[in-house]
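Okay, so here's the structure we're looking at.
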Amino acid sequence: MAHIEGRLETFLDRFELAWMALGFVYLGIYAYGVIAQPGEDTLAVLEAINLLIYGIFAVELVLRAIATRKTLKSLAGVFAFVKKYWLSIFAVILPAFRTLRVLRVVIVIRALEPFLVKRTHKLTVVTLVTIPLLLFTSAVSVLEAEQNAEGANIVTFGDAMWWALASVTTVGYGDRFPVTDEGRLIATFLMIVGIGLFGALTALLAAWVLNEEKSEVAGK
């Protein structure tokens with residue numbers, strides 16, 4: 001049985017590129033539905049596809065749990081499972097809450113997990129992927145919440161991206177701002193996570209520079 005469980009985990013690990021592709025498809029469908037505002041029939045099809053993708057990630061998490069079910073019999077094993085697969089858990093739990101739609105980005109970030117092992121990879125992913133993904137998803141989410149609200153001033157994707165950039169950098173020009181409770185919740189999330197991401201980016205850059213200096217000194 002242990003051999004089968006080990007093979008199951010190895011089998012799931014082989015599909016990391018597929019998880020990544022599904023994550024981007026999921027986010028792309030969501031964004032298209034908000035920005036293009038297709039007809040009800042098209043929107044229903046898109047929602048069905050996204051529900052299928054979401055279900056695949058849920059099944060993958062269940063299979064991960066089955067592959068490590070012996071360790072889950074103890075509290076320490078549960079903690080170890082959560083520590084190892086916390087992104088997968090968040091990707092399944094958080095997007096299910098409609099008011100937390102901005103957290104759909106977790107599904108894409110979870111798919112990038114294999115590239116977060118090395119420090120240099122973390123720096124690249126944070127700089128080139130995570131921050132742009134956060135901005136894009138926040139813009140789409142706030143646009144969905146605001147575009148049909150009374151008195152809204154974020155009514156186009158351009159407005160939403162400008163607002164997201166101003167918010168994540170904590171500049172806050174004030175020319176674009178959410179008027180709905182859901183939009184303000186997204187804004188709060190973006191500002192808090194944005195500060196954390198830029199802080200992490202600064203720390204990673206500093207660590208990278210120090211390692212480069214140490215390498216140069218060692219090479220002399």
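Positions are given from 1 along the sequence. Not measured: the values here are computed from a predicted model. Just so it is clear, the values below take in all heavy atoms, side chains as well, and ignore hydrogens, waters and symmetry mates.
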**Asked** How long is the span from the CG atom in Leu143 to the OG atom in Ser138, to the nearest 0.5 Å?
**Response** 12.0 Å
**Prompt:** Do Val155 and Leu165 belong to the same hydrophobic cluster, where Ile, Leu, Val, Met, Phe, Trp and Tyr are linked whenever their side-chain heavy atoms lie under 4.5 Å apart, directly or via other members?
**Reply:** no
**Item:** Spacing of Ile35 atom CD1 and Glu144 atom CD [to the nearest 0.5 Å]
**Value:** 10.5 Å
**Fill in**
For Ile154 and Val142, the nearest pair of non-hydrogen atoms, with its separation, is CG2-CG1, 4.2 Å
**Request:** Is it possible for you to say whether Met191 and Phe136 belong to one hydrophobic cluster, with membership spreading through side-chain heavy-atom contacts below 4.5 Å?
**Result:** no
**Fill in**
Separation between NZ (Lys83) and CD1 (Ile89), nearest 0.5 Å, reads 13.5 Å
**Item:** Spacing of Arg69 atom CZ and Thr71 atom OG1 [to the nearest 0.5 Å]
**Value:** 10.5 Å
**Item:** Side chain proximity check, Leu27 to Val140, heavy atoms < 4.5 angstrom
**Value:** no
**Prompt:** Is there a side-chain contact between Thr42 and Val45 (heavy atoms, below 4.5 Å)?
**Reply:** no
**Message:** Checking Asp175 against Trp163: is there a side-chain donor and acceptor pair closer than 3.5 Å?
**Reply:** no
**Prompt:** Between Gln147 and Asp159, is a side chain to side chain contact (heavy atoms under 4.5 Å, CB included) present by the stated rule, with each step listed?
**Reply:** CA-CA 10 Å; Gln147 59 187 349; Asp159 293 339; over 6 Å; no
**Prompt:** What closest approach, in Å, do Asn50 and Tyr30 show between heavy atoms, and which atom pair accounts for it?
**Reply:** ND2-N, 3.7 Å
**Message:** Rounded to the nearest 0.5 Å, what separates atom CG in Leu22 from atom CD1 in Ile49?
**Reply:** 11.5 Å
**Message:** Looking at every heavy atom in both Ser167 and Leu190, which two are closest together, and how far apart are they?
**Reply:** CB-CD2, 3.7 Å
**Asked** Going only through I, L, V, M, F, W and Y residues with side-chain contacts under 4.5 Å, is there a path from Tyr54 to Leu43?
**Response** no
**Prompt:** For Leu135 and Val168, which heavy atoms make the closest approach, and how far apart are they?
**Reply:** CD2-CG1, 3.4 Å
**Message:** Quick check: closest heavy atoms across Pro38 and Leu46, and the distance to 0.1 Å?
**Reply:** CG-CD1, 4.2 Å
**Asked** Quick one: side chain to side chain contact (heavy atoms under 4.5 Å, CB included) partners of Ala65, sequence neighbours excluded?
**Response** Leu72, Phe81
**Item:** Tyr32, OH: over 12 other non-hydrogen atoms inside 6.0 angstrom
**Value:** no
**Prompt:** Quick one: do Ile56 and Val59 end up in the same hydrophobic cluster if we chain Ile, Leu, Val, Met, Phe, Trp and Tyr together by side-chain heavy atoms under 4.5 Å apart?
**Reply:** yes
**Prompt:** Can you get from Phe57 to Val62 by hopping between Ile, Leu, Val, Met, Phe, Trp and Tyr side chains that sit under 4.5 Å apart?
**Reply:** yes
**Message:** Which residues pass the side chain to side chain contact (heavy atoms under 4.5 Å, CB included) test with Val179, not counting sequence neighbours?
**Reply:** Glu146, Ala149, Ala152, Asn153, Phe177
**Heavy-atom closest contact (Ala145 atom, Gly183 atom, distance)** = CB-N, 4.1 Å
